Every structure is written in C-alpha cells, then in structure tokens.
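Structure first, then comments.
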Amino acid sequence: MHGLPPPLVVLVMGVSGSGKTTIGRLLAEELGWSFSDADEFHSATNPTKLTSGVPLSDEDRRPWLEQLRSAIGTWIGENRSTVLACSALKAGFRRDLVHGLEDRVRFVYLKGNLDLIERRLAGRSDHFMNGALLANQFEVLEESSEALVVDIGDSPDRIVAHIRSGLFLKAE
C-alpha cells in the first residue's frame, strides 16, 4: 500500500440503497481484505423498527455504534485490514466510530440523488430497510468533507477503481 500504514479500515458510507454492501464486498475482494456489513451489528429490535417504517433514534443507534467502534479496534489490533459498509450518516457518528483510530480509518461516501436511490430501493426485496425512510435518511445525512466522494451513477467496477485510485489502495 502506498504510504498508508496497515492495517486499515475503509468505511463505505451512504444512505440505504447507495450500494455500500455491493461496493464494499467488491472492494474487499479486489484488495484481499475482510468485509463486514454494519447491518449485522444491529440489535434485534432495530431491524424490526426499520421494517415497520420507524426511523431509529440516536439512542437506538448508540449500542450499535459502540459495537462497531469495538469491532474496528479489534480488526486494527488483529492486523486485519477490513472494508466496512456502514451508513454513518451523521458527523458525530463517524467521530465516535473512529475515535482514537483516525489515522487507520478512511471514509468513502457513495453519493447519489434521491430519484436514483428510490429506483434502486423499489427493486430490492431482500433488506429490512423500509424505502419510506429514505427521505428521513437524506434529512439526517451530514455529508463528509473528509471522505472520498464517489458518484454512484457509474458501474460497480468503475466505482471500485475510483476508490482504489483515490485512496491509493493496492491489493495485498
């Protein structure tokens, strides 16, 4: 890797339907890194709320964020470079996730417009996120000035190539 000390966590962020899991898996595969989806860290009640169309409160998210922060620390401690797909919509959430590990975590923001993402969500049936909550996610979203911003209108392969060149990531 060019100039970045291993291990590294690349956090792929964005609203539901922006392609975090698809892009994250593809990026991890190309790099030979581990992949993790933040959805797997939710409590049993959070997906139920989201499926019902009830947005999560910051209090609902607190244990989830704590578990994710712990996982990031573990991956770095185990010398395991990882790509993490995580909404991380608010700046405070992102600060909490990387506190003390800022030099080892890079953010990639998958940015798309509401119309494109609504079309994607309409064709998706295998996820607990209720599409009716998308507008709420856009309202809550605090775009990151520190993230590599990638337009989701390109193909997954081109998006991953853009991420790799933007973060100087080489396969291990």
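All values derive from a computational prediction rather than experimental measurement.
- In terms of modelled atom types and a separation under 3.5 Å, the side chain of Ser70 and the main chain of Glu66 share no donor-acceptor contact.
- The shortest heavy-atom contact between Gly112 and Ile117 is O-CD1, 3.9 Å.
- Between Leu97 and Ile72, the closest heavy-atom pair is O-CD1, 3.7 Å.
- Take Asp154 and apply the salt bridge (charged side-chain N to carboxylate O under 4.0 Å, His left out) test, not counting sequence neighbours, and it matches Arg158.
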Ser87 vs Met13, side chain to side chain contact (heavy atoms under 4.5 Å, CB included): CA-CA, chis, key distance, verdict: CA-CA 5 Å; Ser87 54; Met13 61 166 282; over 6 Å; no
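- With Thr82 contributing its side chain and Arg80 its backbone, the two residues share a donor-acceptor pair below 3.5 Å.
- Listed here is the closest heavy atom pair of Cys86 and Leu11: O-CD2, 3.8 Å.
- The pair Glu59-Arg62 meets the salt-bridge criterion, with a side-chain N (NZ, NE, NH1 or NH2) lying under 4.0 Å from an Asp/Glu carboxylate O.
- In this structure, Arg94 contributes its side chain and Leu89 its backbone to a donor-acceptor pair below 3.5 Å.
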Pair Trp75-Ser36, side chain to side chain contact (heavy atoms under 4.5 Å, CB included): steps then yes or no: CA-CA 11 Å; Trp75 299 327; Ser36 189; 3.6 Å; yes
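- Taken from CZ in Arg164 to CD1 in Ile159, the straight-line distance is 15.0 Å, to the nearest 0.5 Å.
- Side chain of Ser18 to backbone of Val15: a donor-acceptor contact under 3.5 angstrom is found.
- More than 12 heavy atoms of other residues, nucleotides or ligands lie within 6.0 Å of CD in Glu78, so this atom counts as buried by the packing criterion.
- When atom types are taken as modelled, the side chain of Arg106 and the backbone of Val10 share no donor-acceptor pair closer than 3.5 angstrom.
- For the atom pair NE2 of His99 and CG of Asp96, the computed distance is 9.0 Å after rounding to the nearest 0.5 Å.
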Chi angles and distances behind the side chain to side chain contact (heavy atoms under 4.5 Å, CB included) call for Glu30, Val160: CA-CA 9 Å; Glu30 284 195 17; Val160 168; 3.6 Å; yes
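- Distance CG/Leu27 to NZ/Lys20: 15.0 Å, rounded to 0.5 Å.
- Taking both residues in full, the closest heavy atoms of His162 and Ser165 are given as O-OG, 3.1 Å, listed atom of the first, atom of the second, then distance.
- In this structure, OG1 in Thr21 is found 8.5 Å from CD in Glu40, a value given to the nearest 0.5 Å.
- Across Lys90 and Val140, no two heavy atoms sit closer than the pair CE-CG1, 3.4 Å.
- Judged purely by atom type and a 3.5 angstrom limit, Asn113 uses its side chain to pair as donor or acceptor with the backbone of Leu116.
- A distance of 9.0 Å separates OH of Tyr109 from CD1 of Ile152, quoted to the nearest 0.5 Å.
- With hydrogens and angles disregarded, a donor-acceptor distance shorter than 3.5 Å links the side chain of Glu142 to the backbone of Ala91.
- In this structure, Ser34 and Val83 have side chains that are not in contact, with every pair of non-hydrogen atoms separated by 4.5 Å or more.
- Under the side-chain contact (heavy atoms from CB on, under 4.5 Å) test applied with Phe107, the options Val98, Val149, Leu148 reduce to a single match, Val98.
- Looking at every heavy atom in both residues, Trp64 comes nearest to Ala38 through NE1-O, 2.8 Å.
- Looking at Trp33, its side chain never comes within 3.5 Å of a backbone N or O of Leu8 through a donor-acceptor pair.
- The backbone N or O of Gly14 lies less than 3.5 Å from no partner atom in the side chain of Lys111, so there is not a single donor-acceptor pair.
- Counting only distance, with no hydrogens or angles, the side chain of Glu102 and the backbone of Gly100 share a donor-acceptor pair below 3.5 Å.
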